[in-house]
2 protein chains.
Amino acid sequence: MTIKEVCEKYDITADTLRYYERVGVIPAVTRTAGGIRDYQDEDIAWVENAICFRDAGMPVEMLIEYVKLFQAGDSTIDARTNLLKEARETILEARKKYDIALEKLDYKIGRYELAQKTGVLTWDDGEDK
Amino acid sequence: MTIKEVCEKYDITADTLRYYERVGVIPAVTRTAGGIRDYQDEDIAWVENAICFRDAGMPVEMLIEYVKLFQAGDSTIDARTNLLKEARETILEARKKYDIALEKLDYKIGRYELAQKTGVLTWDDGEDK
DNA sequence: CTACAACCTGGAGTTAACTCTAAGTCAAGG
DNA sequence: CCTTGACTTAGAGTTAACTCCAGGTTGTAG
């Protein structure tokens, strides 16, 4: 699979894919004899995971750390598990904050829509937002 | 309430609070005669909301836009509602991605922990991560 | 064999969101 | 009054994560 095809498949730029490889967010991608990237299933799996975890706000540094541990072999399985658990906690925390924001948004939207219907804006709590 | 007290209450730096005010993420904060910030309930409500929405990944630009609309008066209620609804959709999308990442993490953690117990790492799908 | 598009690299530039610095002002204790 | 510490501003600096660019290479179509 060419870089272009991977770009289209995951809606990501070629620059970002090369950047991920360059800094180690994903391991070195398979190349053709001429040196052109030719993504295999395994390369694509790394790309997919990188995008997934980045989308969840996991920092690039953490993904690099994971790849390093992975490449260091089975002796790092403990460390990898810990890293993943830490990431899990961080993402859970973040998601909690998203839920709080959604509640707040729903409350505000509800009030504005009520104001729309009745033509009157009421402030229960002395301030907006 | 002094800036320091607000910092402590929300675990945020004074620099960030001043920055939010400077760029318009929150409206101008109440001041003492001497020009020192003295946060009132209303100011604090804006701060709290700003932090909440920033924590949910809402960009500073969007918060500034909302404050501008708010300050422009009741004629912008439609626009405000639309902005909030857009924010809601964006946050819902993001949260979906967090859930996908969590699933992936749980799967990986589960496999690593199994490997821990049995001493054997098995790859169902031909690749890790 | 020649276009020509798609690819390559190394390195510089951009963007969002802070974060820090310098130089000065305010306010409470002695 | 004087010190001392918290506060003020304007503006520069930092960081993460891309994003772009220049100059060169690869590979396919005619």
Side-chain angles (χ1 to χ4, degrees), chain A residues 1-40 43-44 46-47 49-68 87 90-91 94 97 101, chain B residues 1-40 43-44 46-47 49-68 87 90-91 94 97 101:
Chain A
M1 214 175 189
T2 68
I3 197 166
K4 182 170 229 191
E5 287 165 335
V6 178
C7 288
E8 278 157 11
K9 178 161 183 180
Y10 293 107
D11 193 29
I12 188 176
T13 70
D15 273 321
T16 300
L17 280 173
R18 291 195 205 99
Y19 162 73
Y20 280 174
E21 186 176 350
R22 187 154 56 87
V23 300
V25 162
I26 58 172
V29 169
T30 311
R31 305 288 182 118
T32 65
I36 305 242
R37 286 175 185 80
D38 181 23
Y39 291 82
Q40 304 304 305
D43 301 316
I44 290 170
W46 280 101
V47 168
N49 281 307
I51 293 169
C52 174
F53 293 135
R54 282 292 303 121
D55 280 348
M58 202 160 150
V60 159
E61 261 314 318
M62 211 164 184
L63 298 177
I64 293 170
E65 183 62 23
Y66 183 82
V67 170
K68 272 188 194 151
T90 307
I91 295 175
K97 291 187 174 170
Chain B
M1 213 174 190
T2 67
I3 197 166
K4 184 171 227 190
E5 287 164 336
V6 178
C7 289
E8 277 157 11
K9 178 161 183 183
Y10 294 106
D11 192 30
I12 187 176
T13 70
D15 274 322
T16 300
L17 279 173
R18 292 195 203 99
Y19 162 72
Y20 280 174
E21 186 177 353
R22 187 155 56 86
V23 301
V25 162
I26 58 172
V29 169
T30 310
R31 305 290 182 115
T32 65
I36 304 236
R37 286 177 185 79
D38 180 23
Y39 291 81
Q40 304 304 304
D43 301 316
I44 290 169
W46 280 100
V47 167
N49 280 307
I51 292 169
C52 174
F53 294 135
R54 282 292 303 122
D55 280 349
M58 204 161 149
V60 158
E61 261 313 317
M62 212 164 185
L63 299 176
I64 293 171
E65 183 61 23
Y66 183 83
V67 170
K68 273 187 193 152
T90 307
I91 295 175
K97 290 186 174 170

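Atoms considered below: every heavy atom in the structure, side chains included; atoms not considered: hydrogens, waters and symmetry mates. Proteins get letters first, then strands, A, B, ... in listed order; numbering begins at 1 in each.
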So what does B:R22 hit on the nucleic acid, given a heavy-atom distance under 4.0 Å: a base, only sugar-phosphate, or nothing? base
Indicate yes or no: does B:R31 engage B:E21 in a salt bridge with an N to O separation below 4.0 Å. yes
Would you please confirm or rule out a distance under 4.0 Å between OP1 or OP2 of C:dC8 and any side-chain N or O of A:R18? yes
Just so I know, are the side chains of A:L17 and A:I12 near enough to count as touching, which here means a heavy-atom distance under 4.5 Å? yes
To the side chain of A:D15, which of C:dT19, D:dT8, D:dC20 is closest? D:dC20
Figure out the CZ/P separation between A:R54 and D:dT19, and round it to whole Å. 10 Å
Can you list, by residue number, the residues of residues 26-38 of chain B that have a non-hydrogen atom closer than 4.0 angstrom to DNA chain D? B:R31, B:G35, B:I36, B:R37
Are side-chain N/O atoms of B:T30 and B:D43 paired as donor and acceptor at under 3.5 Å? yes
Which one, C:dT19, C:dA17, D:dC7, comes nearest to the side chain of B:T16? C:dT19
Under 3.5 Å, side chain of A:E5 to main-chain N/O of A:T2, donor-acceptor pair present? yes
Take the protein atom CD1 of A:I64 and the nucleotide atom P of D:dA16, then report the distance between them rounded to whole Å. 10 Å
Ignoring the backbone of A:K4, work out which of C:dC7, D:dC18, C:dC18 is nearest its side chain. C:dC7
Testing B:T16, B:D15, B:D11 one by one against B:T13 for a side chain to side chain donor-acceptor pair (under 3.5 Å), which residue passes? B:T16
Using whole Å, report how far CE of B:M1 lies from P of D:dC7. 12 Å
Quick one: B:D11 CG to C:dT19 P, roughly how many Å, whole number? 11 Å
Which whole-number value in Å describes the distance from B:E21 CD to D:dC7 C1'? 13 Å
Over 12 foreign heavy atoms within 6.0 Å of CD, A:E61: no
Could you state the atom-to-atom distance from CD1 of A:I51 to P of D:dA17 in whole Å? 15 Å
Whole-Å distance separating the OH atom of B:Y20 from the C1' atom of C:dA17: 8 Å
Kindly indicate whether the side chain of A:V60, heavy atoms from C-beta on, has any atom under 4.5 Å from the side chain of A:Y19. yes
B:E61 CD - C:dC18 P separation (whole Å): 13 Å
Taking C:dA17, D:dC7, D:dT19 as options, the one with an atom nearest any side-chain atom of A:Y19 is D:dT19
